[in-house]
Amino acid sequence: MTDADGIEIPEVDSASGSGLPIRGNDIDTDQIIPARFMKVVTFDGLGEFAFFDKRFTEDDDLKDHPFNEDRFQNSSVMVVNSNFGCGSSREHAPQALMRWGIDAIIGESFAEIFAGNCLALGIPTVTADSETIQDLQDWVDENPDGELDIDIEDETVTYGEQTIDVTVDDAQRKALVDGVWDTTALMKSNAGAVGKTARDLPYVGDAAGSSAD
């Protein structure tokens with residue numbers, strides 16, 4: 001989608017890439033990005049700290065974690081279990097995953113705020129039942145270079161020789177497919193209309209209307 005001011009919000013009707021299995025229920029945002037790494041002024045560089053405490057000991061020795069494995073270094077589709085992204089609402093969590101290289105996440109279920117924060121970055125969070133996810137994680141483990149193709153609009157994932165049905169939240173699917181998922185860009189592109197509306201509101205006044213221009 002490109003508006004009159006030339007601001008482009010890409011339509012996200014599909015995502016593809018090799019997979020990366022992250023097993024375990026209730027993986028919270030503090031595990032995804034520990035709080036001590038949230039003091040940064042910008043999100044740049046957060047990717048190297050994704051799952052930091054799960055990946056390194058206190059002496060910075062490597063732990064056994066998929067993010068540390070060479071075979072998954074180019075993966076872009078995470079396959080997770082239930083209630084992924086629970087805990088605090090920190091937007092740093094999907095920011096860190098995106099900067100590590102994650103473009104989409106398939107799981108049993110997601111914390112609502114986490115899924116919303118992913119949507120704001122154009123990262124689809126699609127769901128399937130527990131057995132389907134476990135089978136997919138096992139396949140990814142055995143085929144680290146195998147391609148996962150997610151069709152957002154048709155709600156399917158194709159891998160190997162099979163295609164499975166997944167679920168994409170209706171509002172998320174529409175926002176991604178129509179290219180209206182970046183609300184910040186949408187507000188910026190409609191700054192003129194926002195300013196006019198503010199000026200026309202009797203309880204806002206001229207000062208607020210001027211500041212919106």
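Heavy-atom basis, side chains included; hydrogens, waters and symmetry copies ignored.
- Within the 4.5 Å cutoff, the side chain of Val80 has heavy atoms near those of the Ile105 side chain.
- No continuous path of ILVMFWY side-chain contacts below 4.5 Å connects Phe43 to Met38, so the two sit in separate hydrophobic clusters.
- Looking at Asp169, its side chain does come within 3.5 Å of a backbone N or O of Ala171 through a donor-acceptor pair.
- When all heavy atoms are compared, the tightest approach of Gly17 to Ser76 is CA-OG, 3.4 Å.
- Here the closest heavy-atom approach between residue Asn117 and residue Pro94 is recorded as CB-CG, 3.6 Å.
- Proximity of Ile22 to Val79: side-chain heavy atoms (C-beta onward) are nowhere separated by under 4.5 Å.
- Ile27 has its side chain within reach of Phe51: a pair of non-hydrogen atoms, C-beta onward, lies under 4.5 Å apart.
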Quiz item: Passes side chain to side chain contact (heavy atoms under 4.5 Å, CB included), Val12 versus Gln172? Steps please.
Solution: CA-CA 10 Å; Val12 183; Gln172 180 185 129; over 6 Å; no

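- Residue pairs that meet the side chain to side chain donor-acceptor pair (under 3.5 Å) test with at least one member in residues 143-157, sequence neighbours left out, are Glu155-Arg173.
- Considering only residues two or more places apart in sequence or on other chains, Phe37 meets the ring pair (Phe, Tyr, Trp, His ring centres under 6.0 Å) condition with Phe49, Phe52.
- Here the closest non-hydrogen pair linking Ser18 and Ser75 is OG-CA, 3.3 Å.
- Remark: side-chain polar atoms of Asn68 are not paired, donor with acceptor, to backbone N or O of Leu62 under 3.5 angstrom.
- Looking at residues two or more places apart in sequence or on another chain, you find no ring pair (Phe, Tyr, Trp, His ring centres under 6.0 Å) involving Phe110.
- Other residues, nucleotides and ligands contribute only 12 or fewer heavy atoms inside 6.0 Å of the CG atom of Asp64.
- Within the structure, the salt bridge (charged side-chain N to carboxylate O under 4.0 Å, His left out) test picks out the following pairs touching residues 97-118 (sequence neighbours left out): Asp44-Arg99.
- Pairs passing the salt bridge (charged side-chain N to carboxylate O under 4.0 Å, His left out) check and including a residue from residues 81-97, sequence neighbours excluded, read Asp30-Arg90.
- Distance CD/Gln134 to CG/Leu136: 11.0 Å, rounded to 0.5 Å.
- You'll find the ring centres of Phe67 and Phe72 outside the 6.0 Å limit.
- Side-chain atoms of Asn83 and Asp26 include a donor-acceptor pair closer than 3.5 Å.
- Once rounded to the nearest 0.5 Å, the distance linking CD1 of Ile102 with CG of Leu121 reads 12.5 Å.
- Within a 6.0 Å sphere centred on CD of Gln162, heavy atoms belonging to other residues, nucleotides or ligands number more than 12.
- Between Ala128 and Ile133 the shortest heavy-atom distance is O-CG1, 3.8 Å.
- Judged as a ring-ring contact (aromatic ring centres under 6.0 Å, His included), the pairs with a partner in residues 116-175 (not counting sequence neighbours) are, in order, Trp139-Tyr159.
- At least one side-chain heavy atom of Ile150 sits less than 4.5 Å from a side-chain heavy atom of Ile106.
- Counting heavy atoms from C-beta on, the side chains of Leu148 and Ser16 never come closer than 4.5 Å.
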Quiz item: How far apart are the C-alpha atoms of Trp100 and Leu46, what are their side-chain angles, what is the distance that settles it, and do they pass the side chain to side chain contact (heavy atoms under 4.5 Å, CB included) test?
Solution: CA-CA 8 Å; Trp100 192 87; Leu46 273 185; over 6 Å; no

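- A donor-acceptor pair shorter than 3.5 Å cannot be found between the side chains of Ser109 and Thr127.
- The two residues Thr29 and Gly87 have their closest heavy-atom pair at OG1-C, 4.1 Å.
- Between Asp178 and Glu11, the closest side-chain pair of non-hydrogen atoms is not below 4.5 Å.
- No more than 12 heavy atoms of other residues, nucleotides or ligands sit less than 6.0 Å from atom CG of Asn74.
- Heavy atoms of other residues, nucleotides or ligands lying less than 6.0 angstrom from NZ of Lys63 number more than 12.
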Exercise. Given side chain to side chain contact (heavy atoms under 4.5 Å, CB included), test Asp141 with Gln137 step by step and report yes or no.
Key: CA-CA 6 Å; Asp141 229 351; Gln137 287 176 327; over 6 Å; no

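- Looking only at atom types and distance, the side chain of Thr132 has no donor-acceptor partner in the side chain of Asp135 under 3.5 Å away.
- Counting heavy atoms of neighbouring residues, nucleotides and ligands inside a 6.0 Å radius, atom CD1 of Ile113 does not exceed 12 of them.
- Here the straight-line distance linking atom CG of Asp61 with atom CG of Asp59 works out to 5.5 Å at 0.5 Å rounding.
- Across all non-hydrogen atoms, the minimal contact from Gly85 to Ala111 is O-CB, 3.2 Å.
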Exercise. Begin with the C-alpha distance, continue with both residues' side-chain angles, and end with the deciding distance and a verdict on side chain to side chain contact (heavy atoms under 4.5 Å, CB included) for His65 and Arg55.
Key: CA-CA 6 Å; His65 191 277; Arg55 296 167 53 204; 3.9 Å; yes

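- In this structure, Ile152 and Pro124 have side chains that are in contact, with non-hydrogen atoms separated by less than 4.5 Å.
- Using a 4.5 Å cut-off on side-chain heavy atoms (C-beta onward), Ile33 and Gln95 make no contact.
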